[in-house]
Engineer: 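Structure incoming, see below.
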Amino acid sequence: MRRLVISNNRNSNNYSSHSNADELDKLLALVPYQSRFRVKTCIQNTRSRYNSLIPQIGVLIHNNGSESKLVLLSGTIPIIYRNATYNIPIDLYIPETYPNDSPRIYVRPTQNMVIKNNHPHVDSEGLVYLPYLNAWQSSSSSILEVCVKLIDVFSQDPPLFSKPSSSPANSINSTTNVNQYNYTSATATSAGFYTTNTTNTMTNNNVNNNNVNEVIGLKIIKNKLTGESNQQSVVNIPNTEEILPAQLILTSVGYQAELPPGLEMDYFNEKKHIVCHKNGRVINKNNDDVKPKLYVTGWLKRGPTGIIGTNINDARETVDSILKDLANNNNNNDNNKSPLFDLLSDNHQIVNWEQHNRINNEELKR
């Protein structure tokens, strides 16, 4: 369904005095409303709070080619997202059967704006879907309440962004100022969650007339793992890029290991902030000598990288080294044996995997 605005009353300053009640009556007279008084009252109530919404005449062109000339409220509604205010342009069409039928609302992107892909409440044509509209009640629902609901929904998930430009990678596009919804797009060439103030964030370069960059958005893209197990690489999934509005970006991977207490610096890589090792066995970085009975796994072993699967393989490698050392130490004298052998002595009850599962199942029942 297409729409066309054919009147020119777009300036709220030209539609602000009480005398404009006559102008509203003239507009309403152009449409055969079933309840003209109710329409007029709802428009006035809405404009008393949101005076940027201007009454005018528009045409809805239906899918079958027929047209409906209707009064609409065209303008912006304010949303607050992360303590910043943005104005979202909308067109709200009032059907002839109002209030028996709900208004039809479109987000109206300007020339430099684009509708967010897969927005839960706005389709690709800008048509708005709300539970409030689906549950419309002629006796109690109102245009003002629709606007309140819109503001609440869009404050949680803004539907518009500025259009990405064709600027080259590693450069920031110029700021686009449209209805105070000032997002600046950037071209990104890498995958993942972008957190730098370069190609991956959107910035406003005109902050307080100085050269300080204000972060106002974050670009993300979905990834997938390809390749054989333990040799996988990350690739981007096409057409999954999304821009999230943001004013502050903090890097969450800030882990940096320190030298563990009791361990000499000869066993620690101070540049990578990891314990030096070979297959999980702690080694001296100067001569690769193994430190007996000491092993490492996890981020202290490899740094703050990887996922759950990485942790599993990481731990498996270290455990394999421990088991091999236990087997090799079996023929050594007691002074060189690992303390683990004490736990495996006859004085301790050993629980195998099958017994562990029986215990676990019983605990789950309780």
Side-chain angles (χ1 to χ4, degrees), residues 1 3 5 10 12 42-43 45-56 58 60 72-95 98 101-137 140-164 175-185 201-204 214-220 240-249:
M1 182 177 293
R3 58 210 191 274
V5 178
R10 304 195 69 85
S12 61
C42 284
I43 290 177
N45 290 341
T46 302
R47 294 203 69 255
S48 66
R49 183 179 300 186
Y50 308 111
N51 62 1
S52 63
L53 296 175
I54 310 303
Q56 49 197 293
L60 275 179
L72 73 146
L73 291 175
S74 183
T76 61
I77 54 174
I79 69 168
I80 298 177
Y81 187 81
R82 298 188 179 178
N83 299 322
T85 300
Y86 307 102
N87 291 329
I88 304 298
I90 65 168
D91 286 337
L92 187 150
Y93 289 81
I94 306 172
Y98 184 90
D101 293 316
S102 64
R104 180 174 286 267
I105 309 169
Y106 290 87
V107 170
R108 177 174 49 80
T110 60
Q111 183 178 0
N112 296 321
M113 299 176 107
V114 62
I115 297 172
K116 179 181 178 181
N117 290 332
N118 301 318
H119 193 278
H121 298 287
V122 180
D123 68 13
S124 60
E125 299 298 323
L127 182 61
V128 173
Y129 298 89
L130 287 177
Y132 183 83
L133 294 174
N134 294 334
W136 184 268
Q137 299 292 326
S140 57
S141 300
S142 68
I143 297 173
L144 175 59
E145 189 65 23
V146 169
C147 292
V148 172
K149 298 293 184 182
L150 273 179
I151 292 171
D152 181 58
V153 168
F154 290 165
S155 291
Q156 299 178 45
D157 191 358
L160 295 177
F161 300 98
S162 65
K163 289 182 179 179
T175 303
T176 301
N177 297 310
V178 181
N179 291 317
Q180 299 179 21
Y181 203 85
N182 303 330
Y183 290 150
T184 302
S185 178
T201 60
M202 299 180 296
T203 63
N204 184 342
E214 176 192 6
V215 175
I216 56 175
L218 185 67
K219 188 178 291 185
I220 62 175
T240 60
E241 183 180 285
E242 184 177 358
I243 299 174
L244 304 177
Q247 292 179 293
L248 176 66
I249 295 177

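Please read all numbers here as calculations on a predicted model, not as lab measurements. Residue numbers count from 1 along this sequence.
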Engineer: From Ile88 CD1 over to Ser155 OG, what is the distance, rounded to the nearest 0.5 angstrom?
Structural biologist: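 If I round to the nearest 0.5 Å, the distance is 8.5 Å.
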Engineer: If you define the side chain from C-beta out and look only at heavy atoms, does anything of Val148 sit under 4.5 Å from Arg49?
Structural biologist: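 Yes. Closest side-chain heavy atoms under 4.5 Å.
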Engineer: Would a distance-only check, ignoring hydrogens and angles, find a side-chain to backbone donor-acceptor pair under 3.5 Å from Ser52 to Thr76?
Structural biologist: yes
Engineer: Rounded to the nearest 0.5 Å, what's the gap from CG on Asn118 to CD1 on Ile115? Could you check?
Structural biologist: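 Nearest 0.5 Å value for the CG-CD1 distance: 12.0 Å.
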Engineer: Using the test side chain to side chain donor-acceptor pair (under 3.5 Å), find all partners of Glu145 that sit at least two apart in sequence or belong to another chain.
Structural biologist: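 Result, side chain to side chain donor-acceptor pair (under 3.5 Å) vs Glu145: none returned.
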Engineer: Ignoring hydrogens, what is the shortest heavy-atom contact between Ser74 and Gln56? Give both atom names and the distance.
Structural biologist: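 Residues Ser74 and Gln56, closest heavy atoms: CB-NE2, 3.1 Å.
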Engineer: Side-chain contact, heavy-atom cut-off 4.5 Å: Asp157 with Pro120?
Structural biologist: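 Side-chain contact under 4.5 Å: yes.
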Engineer: How many angstroms lie between CG in Leu144 and CD1 in Ile43, if you round to the nearest 0.5 Å?
Structural biologist: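 Interatomic distance, Leu144 CG to Ile43 CD1, rounded to 0.5 Å: 12.5 Å.
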Engineer: Do the non-hydrogen side-chain atoms of Ile94 and Leu92 ever get within less than 4.5 Å of each other?
Structural biologist: yes
Engineer: Under 4.5 Å between any side-chain heavy atoms of Val107 and Leu160, yes or no?
Structural biologist: yes
Engineer: Asn117: what forms a side chain to side chain donor-acceptor pair (under 3.5 Å) with it, not counting sequence neighbours?
Structural biologist: none
Engineer: State, with a plain yes or no, whether a side-chain heavy atom of His121 is found less than 4.5 Å away from one of Pro159.
Structural biologist: no
Engineer: Check the pair Thr85, Ile79 against side chain to side chain contact (heavy atoms under 4.5 Å, CB included), reporting the backbone distance first and the verdict last.
Structural biologist: CA-CA 6 Å; Thr85 300; Ile79 69 168; over 6 Å; no
Engineer: As a quick check of understanding, evaluate side chain to side chain contact (heavy atoms under 4.5 Å, CB included) for Asp91 and Arg108, giving each step before the final call.
Structural biologist: CA-CA 6 Å; Asp91 286 337; Arg108 177 174 49 80; 3.1 Å; yes
Engineer: Report the residues that fulfil side chain to side chain donor-acceptor pair (under 3.5 Å) with Lys149, sequence neighbours left out, ordered by chain and then residue number.
Structural biologist: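 With neighbours one apart ignored, the set is empty.
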Engineer: With sequence neighbours excluded, give me every salt bridge (Lys or Arg N to Asp or Glu O under 4.0 Å) pair touching residues 127-137.
Structural biologist: none
Engineer: Is there side-chain contact between Tyr86 and Pro245, with heavy atoms separated by less than 4.5 Å?
Structural biologist: no
Engineer: Tell me, please, which residues at least two apart from Glu242 pass side chain to side chain contact (heavy atoms under 4.5 Å, CB included).
Structural biologist: Lys116, Ile220, Leu244
Engineer: Quick one, Tyr50 and Cys147 - any side-chain contact, counting heavy atoms below 4.5 Å?
Structural biologist: yes
Engineer: Does Tyr81 reach the side chain of Phe154, with side-chain heavy atoms less than 4.5 Å apart?
Structural biologist: no
Engineer: State, to 0.1 Å, how close Val146 and Ile105 come at their nearest heavy-atom pair, and which atoms those are.
Structural biologist: CG1-CD1, 3.1 Å
Engineer: Can you name the closest pair of heavy atoms from Cys42 and Ile143 and give their distance?
Structural biologist: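 Minimum heavy-atom separation between Cys42 and Ile143: CB-CD1, 4.0 Å.
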Engineer: Output yes when a side-chain donor or acceptor of Arg47 lies under 3.5 Å from a complementary backbone atom of Leu53, and no otherwise.
Structural biologist: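 Flag set: sc Arg47 to bb Leu53 pair under 3.5 Å.
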Engineer: Would you give me the side-chain donor-acceptor pairs under 3.5 Å for residues 126-136, sequence neighbours excluded?
Structural biologist:
residue, atom, partner, partner atom, Å
Tyr129, OH, Asp123, OD2, 3.3
Tyr132, OH, Ser142, N, 3.1
Trp136, NE1, Pro99, O, 2.7

